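Lettering follows sequence order; numbering is per chain, from 1. The structure displayed is predicted, hence computed values, not measured ones.
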Amino acid sequence: VIDAAFWLPLFVLLTSLVTALLIFALGEEQQRLRTTLNMAGATLKIALIAVITMGVLEGREYETRWSWLPGLDFVLRVDPISLLFAALSSLLWLLTTIYAIGYLEDSPHRSRFFGFFGLCVTATMGVALAGNLITFFIFYEMLTVATYPLVIHRATPRALAAGRTYLLYTLGGGTVLLAAVAWLQTVAGPVEFVSGGVLDEFAVSHRGPLVGVFVLLMIGLGVKAAIVPLHGWLPVAMVAPAPVSALLHAVAVVKAGAYGIVRVVYDLYGLELASALGVLTPLAVAASFTIVYGSIRALSEGELKRRLAYSTVSQLSYIVLGVAIFGPMATMGGLVHLMHQGFMKITLFFCAGNLAETLGIHHVREMRGVARRMPLTMGAFTIAAFGMMGVPPLAGFISKWHLGVGGVQADQPWVILVLAASSLLNAMYFLPIVLTAWFPADDTAWERPAGSLETHWMLLLPALATAAIVIGAGVFAAWPFSPLGMTRIIVERMYSP
Amino acid sequence: MIPAALLLVPMVPLLAAALLWSPGPLRRWGTALAPWTALPALMLALAAPLEEPVAVTWLLLGTFVGLDTAGRLFLVFTALVWTLAGAHARAYVKTHVHRYFFFHLLALSGNLGLVVAQDLASFYLFFALMTFSAYGLVVHDRTPDAYRAGRVYVVMSVVGETLLLAAFLLAAATAPTLALADIRAAAADAPEGPLLIALLLAGFGIKAGAVPLHMWLPLAHPVAPTPASAVLSGCMIKAGLLGWLRFLPLGEAALPGWGQLVIALGVGAAFFGVAVGVTQRNPKTVLAYSSVSQMGIINVAVGIGLSDPDAWRFALPAIPLYAMHHGLAKSALFLGVSAAGRGLRRVGLVLPALALAGAPLTSGAIAKLALKDAAAVAPGAWTVWLDVALPLAAVGTTLLMVRFLAVLPGDRAHVSRGVIVPWALAVAASTVALWIVPWWVDLGLTPLTAGRPAYLWTAVWPLMVGAAVAGLAVALRRRGALPAAPEIAPGDLLVPIERQWARIRRRPMADVPVAGIEGPPDPVASLASSWYGLFAESGPRDRLAQVEARLLRWESAAALTIALVVLLWLVTP
């Protein structure tokens, strides 16, 4: 009999790791086998996550642990917060895999692509399930390295330059992170992630070092979370193929940073300690600045993917802002945005990829009347864009709502100003796209699709699925199993005395 | 049973809209059903008992639906006007019928939903649905004018939605639930009270066409296809009014300062709408300005209620009554623009015009009497002022109506029955509805409102004065003693604003290509360029991008980060 509590977290990683390694071993032309492996791995992972979720709801605990060096354990543990990120990543991995198969049809180096893709997902899962700081760090760096081949996949000079920028930023951030991990080790010894934090006993004796470590951690994580001024790599990395932009630069990589910040604040320091150290307000200010700055930069980007990238910069900091405000509503807003932003942004990237792949559209100015040619794609795009603007009943509204109410309840009503400004700016860079696509003066720019579907079904289906989730997550937010319902459970546990 | 039925009210149009996206025969079904999807709402509004807010816990953030007296009246005229407009559109809209009805149905769903919504989140949902889908109605004809109107509409609507988001967040932070009653109570003693009231007044004021936030209205209402104008002016602007009823702490808190401001702006709007409206040459623009003026008059009642909780009891009945009266009469007039003719068809247009001016025995007379009851409890010297201002506003309305009938093209050769019948029903509804309502719904009106002896004279003299002034003006014009009035450009205040905006844009970067949509003359492009004007496309001249590019070479990014951390260290106490 295998010990499920021990092995399941490891299996979650292995589903994608084994898939990746097998795919590396396959020949370029074994397309059917590769597709089967990919789909099997992704489906299996979702099934495992579902089983684990059920178990966690029944109060069971899952932990993989082995001692590595004295005082240095390798720990994978499932708790509600890690489930949130793991569920998001595994669901979107499946959808993105479908998308990528359709997208990369007949293009070279598919084995390499899907292999590293699987490694990235493995690393993301490791980040999600890491039970202590050192395990987190290992997978965080693995993610950096595994993503690099995907960024430079096309090997154009521009892609190579982008890859260089990407490595400089992320490895720099990783170095800072390692310094922080080491410093904390000297202060507090080995630390695990525990809800409510584990550093309280050092609050008085080591106040200075704790603040120092926090700042270094935020810098190290802030690179991936694209907090200004550490965001420079993200817009550049948009040269990567659409599936990479969709999963990695809208969800996995950037979320690894934001998720790390969540972990550090909630489960390493604890909200109360962080608040007492006075580090939350600067973090909130940095997040707010990033929110507004990213949106303003998005305005002047005419290239669709770059505009989306700056939008990501802005939206990621919603999560950070929610974390940096002390109060249950704000916490819910931040955590739920971890999921909501993923669904919305991946939809937008899927659609951008569809436009590029089907019609060769890369620039916003080429989109006039394109909804006539690709109504479903632009329908999904419109839903996600409205979600980003925070229009009810879509997912983005639910996030924004909790952040705003949380801000006022925490006696920080200026948050509303940030949210209102961001909504307005979001409208300013998304609405013109939507309007020009749907309401052109002449309907002749694009013809209706001749065949039955506007593009390959593998490109269309993921976008429609995530758009549906964007609607569902908002409309059924009060349902216990919605993203909001899940975060409510987390927050109730976190704030219960 | 009833809550489920109330949920169906906005769902029916949504389902029909979904049919329009389906293939083949289903799509034909959708088009056939589209005009009639407000009928369930109408039946419910007429037949269902009043319903306290009921929770639908699994929906959104926890939804409440219910039907109160004000909601019932709003639902009646909203459903009725949308149905008649839909029927009218069947014959009137010739091009892109699917597209028209798609946006018709979405906006209808929003408009109906916000009436039965009894919690903040779902109200906001339906309000936003209505606002954004109405854009499709405004620009349906795809003319340059339509795009300009649509652009102004979208910009102002987005600003309004943002103001409302801020207001809602402030109000909700201290409320125990999102039910409207709780929100109103929280708004009454929110710490940021004044800011909250200002946000609500401005946010909904944009929708309600309150001067000076009305600028989109005289542009958008005329360019839309006639049935869309009817629902825009008849129903959708009333959603702003209903928003005030739902969210302002009316009857809960005394806010005399705000109240008097609203009264003053309302009276100002009543005359402003007339002054600009009489110079217009397009009959639909005249009607749009009349809407601005009439909404000003209704807003007076809101201001009275806002000043004094005790006065609210008297002011409340006037609002749904007047809204219903105006909704029916104005939609009859708009639909009449495409059904105008001689003989009976001319009479049919005069009837709602008379009602709007408040002629005796019309629905307008009843609405105005209810308003008089409210004016009697106005704060301070306003009782006296309103006694003068309201009849004078009626004089103005008479002038506007004369102007409307004068600029309306005399005869149209072929007007199909499908256009005429819905219009005739609208005329009939606007004529009789308010005679039934006070006996059907207990509004708490002062007994015998309509039977007071002095009533005839108060209703008649503004009409006579208005007619006399109009007659005099026409006589003088004929003799050449009166110069032709210059037409004030529709959108009035907007014109100098647009000019200024164009100047700001042109100054720093005249020849820079604008990011976003451009190329051959596409009116939507100007929407983009007017927004992006300040942020030109990334290129050598985009300063922000340039600065960023320099700062974000990784060495400088690292240095910048260190500098920021040091700075934070220094400023943190």
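Proximity to chain A is limited to the side chain of B:L120, based on heavy atoms less than 4.5 angstrom apart. B:A128 touches chain A through its side chain: at least one heavy atom from C-beta onward sits under 4.5 Å away, while N, CA, C and O do not. Using a 4.5 Å cut-off between heavy atoms, B:L564 touches chain A through its side chain atoms alone. For B:L195, no part sits under 4.5 Å from any heavy atom of chain A, backbone or side chain. With a 4.5 Å cut-off on non-hydrogen atoms, A:M389 touches chain B through its side chain but not through its backbone. Contacts between A:V475 and chain B at a heavy-atom distance below 4.5 Å involve backbone atoms as well as side-chain atoms.
Between B:L60 and A:P393 the shortest heavy-atom distance is CD1-CB, 3.4 Å. When every heavy atom of A:A441 is checked against every heavy atom of B:R142, the shortest pair comes out as O-CB, 4.3 Å. Scanning all heavy atoms of the two residues, the minimum distance from A:W401 to B:L178 falls at CZ2-CD2, 3.7 Å.
To the nearest 0.5 angstrom, B:I562 atom CD1 is 7.5 Å from A:I219 atom CD1. Taking CG of A:L484 as the reference point, atom CG of B:L61 lies at 7.0 Å (rounded to 0.5 Å). Considering CG of B:L129 and CZ of A:F386, their distance stands at 10.0 Å, rounded to 0.5 Å. The distance from the CZ atom of B:F132 to the CG atom of A:L435 is 9.5 Å, given to the nearest 0.5 Å. B:L165 CG to A:L419 CG: the interatomic distance, rounded to the nearest 0.5 Å, is 7.0 Å. The CH2 atom of A:W479 lies 13.0 Å from the OG1 atom of B:T57; values are rounded to the nearest 0.5 Å.
Counting only heavy atoms from C-beta outward, the side chains of A:S423 and B:E161 never approach each other to under 4.5 Å. Considering only heavy atoms from C-beta on, B:W21 comes within 4.5 Å of A:P375 through its side chain.
By number of non-hydrogen pairs under 4.5 angstrom with chain B, the leading residue of A:L394, A:V405, A:L168 is A:L168. Most heavy-atom pairs under 4.5 Å with chain B, from the set A:V236, A:I416, A:V408: that is A:I416. Between chain A and the residues B:V159, B:T174, B:T162, B:L163, the largest count of heavy-atom pairs under 4.5 Å involves B:T162. Listed options A:G407, A:G474, A:G485 were ranked by heavy-atom pairs under 4.5 angstrom with chain B; first place goes to A:G474.
For B:T177, the side-chain hydrogen bond (donor to acceptor under 3.5 Å, both in side chains) partners are B:D182, not counting sequence neighbours.
The aromatic rings of B:Y135 and A:F439 sit perpendicular, their planes meeting at an angle over 60°, well past the 30° parallel limit.
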Steps toward ring-ring contact (aromatic ring centres under 6.0 Å, His included) verdict (B:Y124, A:F397): CA-CA 10 Å; B:Y124 190 32; A:F397 166 71; 5.7 Å; yes

